[in-house]
Amino acid sequence: MTLFDTYVVVDWSGGNDAGARPRKDAIWVCNAGDATPVYLRNRQVAEQWLAELIETETGAGRRCLIGFDFPFGYPAGFAEAVTGSEDPLAMWSWLEARIEDHPDRNNRCQVASDINALFAGVGPFWGNPFRSQDYADLPRKGLARTNTEFPERRAVENRAKGSFTCWQLAGAGAVGSQVLMGLPVLSRLRQRFAGQVSVWPFEQLQTPVAFVEIWPSLIAPQIAQAQQPGEIKDAAQMRVLAGVLASLDKHGRLDAMLAEGQTGASEGWILGVGHEAELARMANEQIKPEALANDCFALPQGVNWTSVDEALARLKDRMQPVMGVETIPVSESAGRILAEDISALRSNPPAPNSAIDGYGFAFEHMERKMPLSAGRAAAGAAFKEALPAGQAIRILTGAVLPEGVDTVVMQEECTVTDGQVALPDKVKQGQNTRKAGEDVVQGALALRATHLMRPQDAALLTALGVSDITVTKRLRVGVLSTGDELIAPKADAPADRTFDANRPMLLSLAKRWSYDAVDLGHVGDDRDALRDVLNEAAGRCDVILTSGGASAGDEDHVSALLTEEGSLTSWRIAIKPGRPLALAMWNGTPIFGLPGNPVAAFTCALIFARPSLSVLAGGRWSDPRGFMVPAAFSKSKKQGRREFSRARLTDDGHVEVFASEGSGRISGLSWADGFVELDDPAQKVTPGDLVRYVPFSSYGL
Ligand code: AMP
Ligand code: MG
């Protein structure tokens, strides 16, 4: 259950109307729901916008979190000194009663000057953006101040690196004017929606709407990365921050951050301070990688036949990651692809410990017979004191070595009588102990981004103290079969109908490779129907695998339609089995048009689609590992194409190939456990010759 339904962030401004055209340093808001930043030219427009938002959201029964990027309070003691009340919200009303605001002018400097006049000395407010006008009690320079009654910063500002103080009204980055001009607006909204709005951390969040204080600089590097070409920085900040609030809530992390507000009960607090790493992760989730170029599958002019190696080299060159990221628990990470380098949070092992059950002591003070100390050291139950020199102690496997122990002798090699341990003849210093960090030292790189997580990696990361990791989102792989002849299996099917075998095969492949397999069904040889399916599929898939209709024949509607509308390139690859690969972009989504024949579709999926999908998903390009194995068959092959035969290992370590080469023989795929891959030149294989065998496991099967 999330705490909120709607997440809105506001980048405030203390200045005048910023004009009709969106520009920086004005007011920007963003609702995580549509992630589209909105420009608001002045505070009057913004107040209206916020009022409408609150009305709509509460009217619809939605709980709404609204973040503002200016302090909700002043350093301790100030508000009370001004208003006479302990309630920090009294300062809001106090300012509301005095601040006059118009699109082209406001009295914030006068109000600040008036406040300064209440106190002895000069300050605490300072900074005057207006050259031509002086204010009696508002110094232009911070150093001119003599008032030391109030702290310079709020507690939270001491923890937020690079933050400005509320006392400074002018200068790049100063926030003082925003506070003076923001709090009156929030104060009015609070009253207008009395009982529906609460202010964090001053009030219990038991109303549908919560106002919180946020600060984009906490995730400045991520925002810089997420900023799109031509996007105004303020807009990018709000877009990313809105997404961060939504992600935090989705991951159940808001509660803990909100609880922290109590630290700054009267001064206010910035949501997320102290949780920067977590914020950074959530911000990473907002970063969308660049899309593939529309001509990414283009081939140079005049290319006729493309060799397998060249086709693979081209795909390797053109593919790039297209997925955003998300944070998941390590326990659910198998098959996922790391989107961050992971370093050890703790050494493994964290402390020196015993590798066996036995007796431990200091080698330096070793005697043939040593008195046995009381107590023992066990895994999870350390011996807390130091062991006196010259004594031995009972120690069990995995127990942290007590202070004064550096050597352990196996229990089978010792005899214990009358409280004395007799040791064997040969003992080496440090034997049977494990050093702290001997496996992995804290801070060492454990796994790199692009790593495909396996079960053993979950053990490693957990041992190193890592419980959540950022991975790429699952690639959504659409699978579509084409051809009028295809039907689902059923009894009494006419003999001229073909059961759609490719779809379950390709869907299973996608799942086996840990992607989201999206069943796009089957379309006949009908261009309009195909167009409709592709239009719809491109919106909910990251890549589409089609089979059938990929050649240039009369009924090859996939290639025909893609040629007309989808920037198709037919790659005539010199491969057997397989016919042209139809590669195309459809509304920004890559399509791999595989041959219809199931044996060819399977082969091409393994050889061409698999490494490409891996890169699209954020992983590595991987060439399948093969082995040279003596042949149990003979064969002569033609010059100029790569041949993949369905093959399997025999019990005596040879490799045999399926009896029939016919590409309609689907049974050969199930018979086989790999391919024999014969290189492009002509060749004669006789039994005993070494040939390259590539097990299906090399293709992730
Ligand atoms: P095509 O590439 O459309 O010319 O199809 C080549 C051969 O593969 C034809 O015999 C098709 O009937 C067959 N075929 C196409 N799609 C499938 C499928 N999904 N399942 C089984 N066979 C298919
Ligand atoms: Mg067909």
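Atoms within a ligand are numbered from 1 in the order they appear, just like the ligands themselves.
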Report task. Find out whether Met628 and Arg692 are in side-chain contact, i.e. whether some heavy atom of one side chain is under 4.5 Å from a heavy atom of the other. Result -> yes
Report summary line: Note: ligand 1 atoms sitting under 4.0 Å from heavy atoms of Asp500 are 18 (C), 19 (N), 20 (N)
Report task. Tell me, yes or no, whether the heavy-atom count around Arg448 atom CZ, taken from other residues, nucleotides or ligands under 6.0 Å, exceeds 12. Result -> no
**Report entry** CA sep, side-chain torsions, deciding dist, call: Ser307, Asp309, side chain to side chain donor-acceptor pair (under 3.5 Å)
**Finding:** CA-CA 5 Å; Ser307 71; Asp309 288 341; 5.5 Å; no
Report task. Apply ring-ring contact (aromatic ring centres under 6.0 Å, His included) to Phe675 and list each qualifying residue two or more places apart in sequence or on a separate chain. Result -> Phe644, Phe696, Tyr699
Report summary line: To atom 8 (O) of ligand 1, the nearest of Gly664, Gly483, Gly596 on a heavy-atom basis is Gly596
Requested in this report: Could you say whether the N/O atoms of Asn597 and ligand 1 ever approach to under 3.5 Å?
Outcome: yes
Report summary line: In ligand 1, the atoms that come under 4.0 Å of a heavy atom of Phe499 are 20 (N), 21 (C)
Query raised in the report: So which of Met505, His522, Glu485, Arg503 gets nearest to atom 11 (C) of ligand 1, if we judge by its closest heavy atom?
Result: Glu485
Query raised in the report: Below 4.0 angstrom, N of the basic side chain to O of the carboxylate: do Glu310 and Arg314 qualify?
Result: yes
Query raised in the report: Does the N or O separation between Gly548 and ligand 1 drop below 3.5 Å for any pair?
Result: no
Report task. Ignoring angles and geometry beyond distance, decide whether Pro598 reaches within less than 3.5 Å of ligand 1 through its nitrogen or oxygen atoms. Result -> no
Report task. Look only at the side chain of Glu332 and the backbone of Ile328, and say whether a donor-acceptor pair between them is shorter than 3.5 Å. Result -> no
Query raised in the report: Would you say Gly549 contacts ligand 1, with heavy atoms under 4.0 Å as the rule?
Result: yes
Report summary line: If we number the atoms of ligand 1 from 1 as shown, the ones under 4.0 Å from a heavy atom of Thr498 are 12 (O), 21 (C), 22 (N)
Report task. Classify the ring geometry between Phe297 and Phe592 as parallel (under 30°), tilted (30 to 60°) or perpendicular (over 60°). Result -> perpendicular
